[in-house]
Amino acid sequence: MNVRDDEKTPAETHGGAEKNKPPGDKKWRFNSPLAQVTLMGFVCFCCPGMFNALSGMGGGGQVDPTAANNANTAVYTAFTVFGVLGGAFYNVLGPRLTLAAGCSTYVLYAGSFLYYNHHHHQAFAIVAGALLGCGAGLLWAGEGAVMTSYPPPHRKGTYIALFWSIFNLGGVIGGLIPFILNYNRSSAASVNDSTYIAFMCFMFAGVLLSFGILPANSVIRNDGSKCSAVKYSRPSTEAAAVLRLFLDRKMLLIVPAAWASNFFYSYQFNNVNGLLFNLRTRGFNNVFYWGAQMVGSIAIGYVMDFSFKSRRARGFAGISLVAVVGTAIWGGGLANQHGYSLNNLPEKKLDFKDSGVEFAGPFVLYMSYGLLDAMYQSMVYWLIGALADDSQTLSRYSGFYKGVQSAGAAVAWQVDTRKVPLMSQLIVNWSLTSVSYPLLVLLVYLYVKDQDNSDDHDDSGNKV
């Protein structure tokens with residue numbers, strides 16, 4: 001990123017790298033990385049957090065998951081394209097317009113299921129899903145730039161954990177909404193209108209909050225340094241930069257992890273939570289699924305920031321920990337999957353109050369899936385953040401990650417629609433995550449440096 005000579009400080013003009021004057025002892029500043037990452041967390045709390053709670057109901061809260069599966073396929077197909085392009089939009093439009101445009105599509109998506117509750121026509125849900133895929137690509141590219149470039153380089157894991165905890169609190173609250181509003185409907189097949197309306201209200205609040213996100217050059221760290229000196233790019237420049245990502249060896253090493261990181265959602269939401277539990281219990285389970293994500297993100301954030309002095313050693317430690325935990329949890333899933341199949345479903349769905357001991361094992365497994373999801377994705381985001389420091393580069397990296405992730409999810413939702421055997425789905429999910437670990441180790445070995453990337457230069461030779 002270029003900085004004009006008339007924008008430089010005297011020290012920078014004479015070749016120094018002097019930082020801006022520290023902002024003082026004021027503990028809470030709106031233009032601090034802490035405030036901005038926290039606000040970004042609440043934007044995602046309201047929009048993708050509530051979307052996750054809706055998806056986690058299994059079938060979007062409907063008795064037949066076909067409409068939700070097709071809508072989610074549309075979501076992630078469009079997300080595949082706009083996830084990759086999202087970083088380019090962010091670098092041209094800036095954070096506020098990018099995020100607000102993205103957030104608005106979540107409201108429409110929730111509204112489409114309110115419509116479906118009455119008319120049972122898939123078309124609106126599928127179109128709304130495609131629009132959401134476009135908007136989600138913009139939102140997550142902006143989120144990735146904020147979360148990976150705003151924090152101090154040595155505390156990125158901590159800030160990622162903070163963001164992930166607030167974001168997944170949305171899933172917790174979102175799980176409580178259908179649980180409370182459908183508590184006395186233990187035999188109901190689909191959620192009531194009030195559930196979808198509540199989701200829409202939260203999502204609209206996210207649109208309003210997104211206007212509070214500041215551009216990177218307005219955010220000042222506690223030591224007085226700015227996150228990065230932003231000069232918004234041109235569409236042609238961004239198009240060329242996006243194309244180069246597909247030849248970037250760092251990104252190619254992340255592809256299997258990105259593909260795997262949302263692939264398991266259709267299996268977990270529809271074929272564990274959706275098939276084993278009744279409606280109100282699915283909402284109850286989601287409270288703990290997303291709550292476990294908060295715990296997982298904090299735990300892996302601590303390992304990635306504080307376990308060793310060497311950043312490379314912390315990267316190796318984090319990947320190893322996630323690999324061990326993931327192997328144990330997917331092993332538990334394998335044992336659970338032996339108990340049922342699409343041709344041999346449980347005669348009665350489990351209820352958190354009435355099923356007793358039978359409820360405990362599948363409940364703990366489903367909660368553990370949430371724990372693993374947060375640890376896995378937080379670990380990958382930390383690795384992306386360790387590859388660069390400037391928001392332009394990281395918005396492109398984050399957009400690429402979300403694009404590939406969404407391509408995997410689009411395939412996964414159609415795999416579930418085609419009624420692929422549940423055991424096959426589990427084995428594929430376990431295999432995909434397992435393949436990614438050695439490639440991430442290689443990524444750390446080749447490209448993650450122990451010194452901060454703030455000493456790197458951009459293509460024009462300026463400090464970034």
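Closest heavy-atom contact between A409 and N262: CB-CB, 3.9 Å. Minimum heavy-atom separation, Y437 to V322: OH-O, 3.7 Å. Nearest heavy-atom pair, D450 versus S310, reported as atom, atom and distance to 0.1 Å: OD1-OG, 2.7 Å. Contact detail for C47 and G206: the closest heavy-atom pair is SG-CA, 3.9 Å. Residues V435 and P438 approach most closely at O-CD, 3.3 Å, considering heavy atoms. Among all heavy-atom pairs drawn from G137 and F79, the shortest one is CA-CE2, 3.4 Å.
At a threshold of 4.5 Å between non-hydrogen side-chain atoms, the residues F45 and L209 do not count as touching. Between M40 and I166, the closest side-chain pair of non-hydrogen atoms is not below 4.5 Å. I319 is listed as a side-chain neighbour of L383, based on a closest heavy-atom distance under 4.5 Å. Between M147 and L394 there is no side-chain heavy-atom pair separated by less than 4.5 Å. Proximity of I177 to M50: side-chain heavy atoms (C-beta onward) are separated by under 4.5 Å at one or more points. Taking the side chain as every heavy atom from C-beta outward, Y196 and L54 approach each other to under 4.5 Å. You'll find the side chain of T195 stays beyond 4.5 Å of the side chain of L114, heavy atoms only. Between F124 and Y116 there is no side-chain heavy-atom pair separated by less than 4.5 Å.
The environment of CZ in F263 is crowded: more than 12 heavy-atom neighbours from other residues, nucleotides or ligands sit within 6.0 Å. Residue Y115 places its OH atom among more than 12 non-hydrogen atoms of other residues, nucleotides or ligands, all under 6.0 Å distant.
There is no side-chain donor-acceptor pair under 3.5 Å between S398 and Y90. No side-chain N or O of S218 forms a donor-acceptor pair with one of N31 less than 3.5 Å apart. Side-chain contact annotation: N286 with Y366, donor-acceptor N/O pair under 3.5 Å present. A donor-acceptor pair shorter than 3.5 Å cannot be found between the side chains of Y265 and N52.
A distance of 8.0 Å separates CG of N429 from OH of Y267, quoted to the nearest 0.5 Å. In this structure, the separation between OG on S112 and CE on M200 is 9.0 Å, given to the nearest 0.5 Å. From C103, atom SG reaches atom CZ of F204 across 11.0 Å, with rounding to the nearest 0.5 Å. M294 CE to L169 CG: the interatomic distance, rounded to the nearest 0.5 Å, is 4.5 Å. Rounded to the nearest 0.5 Å, atoms OG1 (T38) and CG (L162) are 4.5 Å apart. Rounded to the nearest 0.5 angstrom, L387 CG and T393 OG1 are separated by 10.5 Å.
The ring pair (Phe, Tyr, Trp, His ring centres under 6.0 Å) test applied to F199 returns no partner, not counting sequence neighbours. For F246, the ring pair (Phe, Tyr, Trp, His ring centres under 6.0 Å) test picks out F400, with sequence neighbours left out. Remark: S378 pairs with no residue by the side chain to side chain donor-acceptor pair (under 3.5 Å) rule, at least two apart or across chains. Evaluation of the side chain to side chain donor-acceptor pair (under 3.5 Å) rule for S261 yields Y401, Q405 as partners, not counting sequence neighbours. Annotation: salt bridge (Lys or Arg N to Asp or Glu O under 4.0 Å) contacts of K402 (sequence neighbours excluded): none. Under the salt bridge (Lys or Arg N to Asp or Glu O under 4.0 Å) criterion, D248 pairs with K250, sequence neighbours left out. Y109 meets the ring pair (Phe, Tyr, Trp, His ring centres under 6.0 Å) test with F51, F113; sequence neighbours excluded. Scanning for ring pair (Phe, Tyr, Trp, His ring centres under 6.0 Å) contacts around F179 gives Y183, F284, F352, with sequence neighbours left out.
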Apply side chain to side chain contact (heavy atoms under 4.5 Å, CB included) to the pair I300 and W382, showing each step before the final yes or no. CA-CA 10 Å; I300 195 65; W382 184 94; over 6 Å; no
Determine whether I173 and F202 satisfy the following criterion, side chain to side chain contact (heavy atoms under 4.5 Å, CB included), listing intermediate values before the conclusion. CA-CA 10 Å; I173 302 301; F202 274 103; 4.1 Å; yes
Please walk me through it: do L440 and L253 pass side chain to side chain contact (heavy atoms under 4.5 Å, CB included)? CA-CA 7 Å; L440 294 177; L253 289 172; over 6 Å; no
What's the verdict on side chain to side chain contact (heavy atoms under 4.5 Å, CB included) for Y289 and N285, showing C-alpha distance, side-chain angles and the deciding distance? CA-CA 6 Å; Y289 180 94; N285 291 349; 5.9 Å; no
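Residues F363 and F288 place their aromatic rings such that the two centres sit under 6.0 Å apart.
Pairs passing the side chain to side chain donor-acceptor pair (under 3.5 Å) check and including a residue from residues 159-172, sequence neighbours excluded, read W164-Q293, S165-S297, N168-Q293. Legend: side chain to side chain donor-acceptor pair (under 3.5 Å) pairs involving residues 134-145, not counting sequence neighbours, sorted by first then second residue: E143-Y381. Counting only residues at least two apart or in different chains, ring pair (Phe, Tyr, Trp, His ring centres under 6.0 Å) contacts with residues 305-325 comprise Y302-F306.
Distance alone, capped at 3.5 Å, is enough to place a donor-acceptor pair between the R221 side chain and the P151 backbone. No donor-acceptor pair under 3.5 Å is formed between the side chain of R29 and the backbone N or O of A35. The main-chain N or O of Y445 is found under 3.5 Å from a side-chain atom of R312 such that the two form a donor-acceptor pair. Between the side chain of D305 and the main chain of G157, a donor-acceptor pair closer than 3.5 Å is present. No donor-acceptor pair closer than 3.5 Å links the side chain of T77 to the backbone N or O of A74. For N72 (side chain) and A68 (main-chain N/O), a donor-acceptor pair under 3.5 Å exists by modelled atom type.
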What donor-acceptor contacts under 3.5 angstrom involve side-chain atoms of residues 92-99, with partners at least two apart or in another chain?
residue	atom	partner	partner atom	Å
R96	NE	F211	O	2.9
R96	NE	I213	O	3.2
T98	OG1	G94	O	2.6

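Between W413 and F269, the ring planes lie tilted relative to each other; the angle falls in the 30° to 60° range. The aromatic rings of W330 and F264 sit tilted, their planes meeting at an angle between 30° and 60°.
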